[in-house]
Every structure is written in structure tokens, then in C-alpha cells.
> 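Here's a structure for you.
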Protein chains: 2
Amino acid sequence: MRISELSGSSGVPVATIKFYLRLGLLHDGRHTSATQASYDDSHVDRLKMVRALVGVGGMSLARVKSIIAVIENPPQTMHELLGPASLMGRPGDVDCDALDVLDETDPEATGHARVHRLLREWGWDPAESFCSTHIEMGDALDAIEDSGFALSDLALGDYRDHLTALAAKEVARTPTTSSEAAVRYVALGVPLVEPLLLAIRRLGHQHASAAIFSGSAAPEQAAR
Amino acid sequence: MRISELSGSSGVPVATIKFYLRLGLLHDGRHTSATQASYDDSHVDRLKMVRALVGVGGMSLARVKSIIAVIENPPQTMHELLGPASLMGRPGDVDCDALDVLDETDPEATGHARVHRLLREWGWDPAESFCSTHIEMGDALDAIEDSGFALSDLALGDYRDHLTALAAKEVARTPTTSSEAAVRYVALGVPLVEPLLLAIRRLGHQHASAAIFSGSAAPEQAAR
DNA sequence: GACAACTGGATAGTCATCCTACCCAGTACG
DNA sequence: CGTACTGGGTAGGATGACTATCCAGTTGTC
């Protein structure tokens, strides 16, 4: 398959394919001469994957590249796979030791302190999860706080209940037949399912609000 | 409060504040003379909100602006609020009538057909949710499919169960005391909680994998 | 074997987004 | 009075993701 055919069957412009080749997002074709190479289905699949991750997944090419790196060079343990797969290529890969020190003393890091407290309350060992995830969660809590939005521990508990139940099912569904399948499942499934998840949540909001407020007036009137 | 003080208490550079003022992300201060204006706490709050939505929320300034528009000029019904709040400023505000026509005939739109089928199976009226949400969900399903990842209806059902339970609780928690509080809750809560949600899911993955694969070897070994 | 069409490889240009720097005349205040 | 600061405006820069153009080599066709 020549590059123009690859472009045709993947829907990606030739110039973009060349660009992806240069970035290392797409593996080189088999060279048949100095100025000729042939591509196969693996290149079509890769291109579709990249476009899916970039398009709906909303990822940067840098993050896609690190996902590809994990798929091509899988880590040794299942657990090791989950951390990097979660936030590969994201900002904030800072040192984790600093987090152990702070523990609700630093007024600047209320969100991170809350994460530690919650993990303790939930009976979760902080060591079994990645500090980068703690940081993300802390940042998210801080952002919610900063924008003047209150989120009770009760509400957080609801999130934990439902999401960990979901996560457990997802992990349980991980194929164990081959390492390639498992790596693909995690590296692609974790980030690609995210937009789906958020869409279903919004669908749920609309469904629930239709049930509660169906045909009812604006909050102004409803409150009176 | 002068602009430099506003900058100090919000942590946003003066040049950026001017930029936000020009874009309409920040309301003008009260002019005291031709070249002087005074700002108050509402400006500090707004700046913090904008930074939270842009930073952790990962939104574009355009989307932040449309969220601000909703907060400043709320829609008439609760239900009307949820649609725009969900995907304000996102790409894909296409015509919805086209979706009614397709109904699993178009091979190009398998994801969207699946959304319609799922909604029917779940007993949800498609009319009570926004077609833009259907489109997002369809796109997400297509992207998952395109990248060579299979997602069973069973797994989708799990997502629906947990996320709609969560969404229902979130909707139930919407304050009805004042319209301002309700609008703020929805317009900020829907998008800002998203990163938190995803972080907890990843935490759940790590927790679950620690329980299952604790100390176990790589999938290669485990599979044998 | 002439010749247009295509190839890989490289360089440079485009477009959008999000700021950042600078300039300017007009206050504020010690 | 002088210095610092203000709002307002324009221009510039950084980044990310392409896109266009050029070029020498290759392929298929007549």
C-alpha cells in the first residue's frame, strides 16, 4: 500500500500522514527503495487510533505519542500500566515525596490535604495509587473550591461509590488472554471511554431533570 | 480596588486581566474617571472562576464565555439550563432533525444509530434529552469503535446504571432556594466536576488493580 | 526511453488560541 | 511637579496542529 492509498483508506491527508511519521506517531513503512515504502493494515489501524484519541478524546499529539509508547513497550506489571496510562503526557509529573510531607499543614494545598484525608477515611492505602492521580484529584478539588462551589464529603462519597464500582468492573473486564490485548484495553480504554462517560452523565442529568422539573417553571417560580 | 490590586488578590497578571476585559470574560469596573475604574470582590470571584474553568476544567475561553453568559442571563426553565450548560461552546452544534431521519440506515453513523437504539432499550424518551448530547455520545462510541476497541451493551449498561444514579443525585442536590444558586450550581458544577470524576475513576482503577493483581506478575506471566 | 504522476523527505508557511509587551495620553498623589 | 499607575489599544510571541511547496528519485505507460 502506497501513501496515497493509506491516505484513502484512513481518511487522513497525505501531508498529515507525513507529519505523523515525522513525529513518530506512525511507524515507518517497509522501504522498497530509496524513495518508496509500502504500508499495511497496521498503519491504517494506527491512524484511526490516533484520530480517535485526538478527535473525540481531545488529546494532544504528545499524549497520544506516550500512549503509543506504552502500547509498543508495555510495562512489566498490570499495576504499573494503570498509572502511566491514566495521565500520560499530562502536565504535573512532579515529585511525589513532597506530598507526604505536607499533610494538611500547607494552607495552599487544601485540595491535596483533603485527598489524603479522604483516602484515609475510605480506608484506601495511598501507596497503592499513583501520586499523580492524587495531584489531579487535589487540583480538581481546588478548582471546584476556587470557583466558589461547595462539594460536601457526602457528595464525594457518592462519587467514590459509583465510580469505584464502575472502575472495578472495568478492571475485572480486562482481558487476561494476552498481554497485548490487556495493554490495548487499558491504554485505549481508560482515556477513550472518558468522553462517553461524561456524555452519559449529561444524558442522566437531562433524564433526571425531565422527571423532576417536567413542564415546571423556572427555578424562580418553583422556589416560591 | 485598582487593577493592580485586583491582579494581586486574584493572582492573574494585569495584562491578562485587560485581555479578559476585552474578551468580555470579566465585567467592566465602575469608572471613576476617564482613565480610572474600581473593581470589587465580584471581579476577584469571576477571575478565580475563569482560571478554574480554563485551568483544571481545560476549557477554551470561548466556552468559558458562554458559561458566563448562561450565569448572567439564565434560561427560563431548569431543563433548558442543562443542555447548554453541558456543551456550551463545543463544536458540533449541528441540526438535530437530521438525526431523526437516519435511524440505523446510514452506515457512516453507527454510533449515532446505537445511541438511538440504546435510548429505546433503556426506555428513555430521546425528546427529553438534547440531540447535541446524543451526537457527543455517538461520536464517543464511534471513536471507541474506530480505534479498534469493543464495548459491549452490557458494559454500556453498567455505565448507564452508575452514571445516571450519580446524575440523579446531582440533580436532586440542585439548590432550589434561589435561581442564581441553581444556575451557578449547574453551570459550574457540570463541567468542573468532570475532572474530579475522572480522577476518582482512575483512583478506582488503581485500587481495584492493586486488589486483583497485588504483587502479581505481568499479564504475560499471569496469562500462562 | 521519454514523460507525467507519484514517492519520501525536508523546510517553511498557515491558522487558531492564549496570552504578553509596549505605547500612549490621562489621572492620582506625595 | 514628578513619578507611578491607569485604561485602552495595537503589536508581538509561544504553542500546537497541521498544510503547502519543493526536490531528487521511482514507477508505470506508451
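Excluded from the calculations below are hydrogen atoms, water molecules and symmetry mates; all remaining heavy atoms, backbone and side chain alike, are included. Per chain, numbering begins at 1; letters A, B, ... match sequence-line order.
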> We want to know whether A:Glu170 and B:Tyr159 form a side-chain donor-acceptor pair, criterion being a heavy-atom distance below 3.5 angstrom.
yes
> Could you check whether A:His43 and A:Asp40, counting side-chain N and O atoms only, form a donor-acceptor pair closer than 3.5 Å?
yes
> Are any side-chain N or O atoms of B:His134 and backbone N or O atoms of B:His116, one a donor and one an acceptor, separated by less than 3.5 Å?
no
> Report the C-alpha distance between B:Arg46 and B:Tyr39 in whole Å, list the side-chain angles of each, state the deciding distance to 0.1 Å, and finish with yes or no for side-chain hydrogen bond (donor to acceptor under 3.5 Å, both in side chains).
CA-CA 11 Å; B:Arg46 171 67 61 85; B:Tyr39 305 90; over 6 Å; no
> Take A:Ile68 and A:Met49, measure what side chain to side chain contact (heavy atoms under 4.5 Å, CB included) needs, and give me the verdict at the end.
CA-CA 10 Å; A:Ile68 286 171; A:Met49 191 187 94; 3.6 Å; yes
> For each nucleotide in nucleotides 4-23 of chain D, reading 5' to 3', give B when a protein heavy atom comes within less than 4.0 Å of its base, S when such contact involves only the sugar-phosphate, and - otherwise.
--BBB-B------SBB----
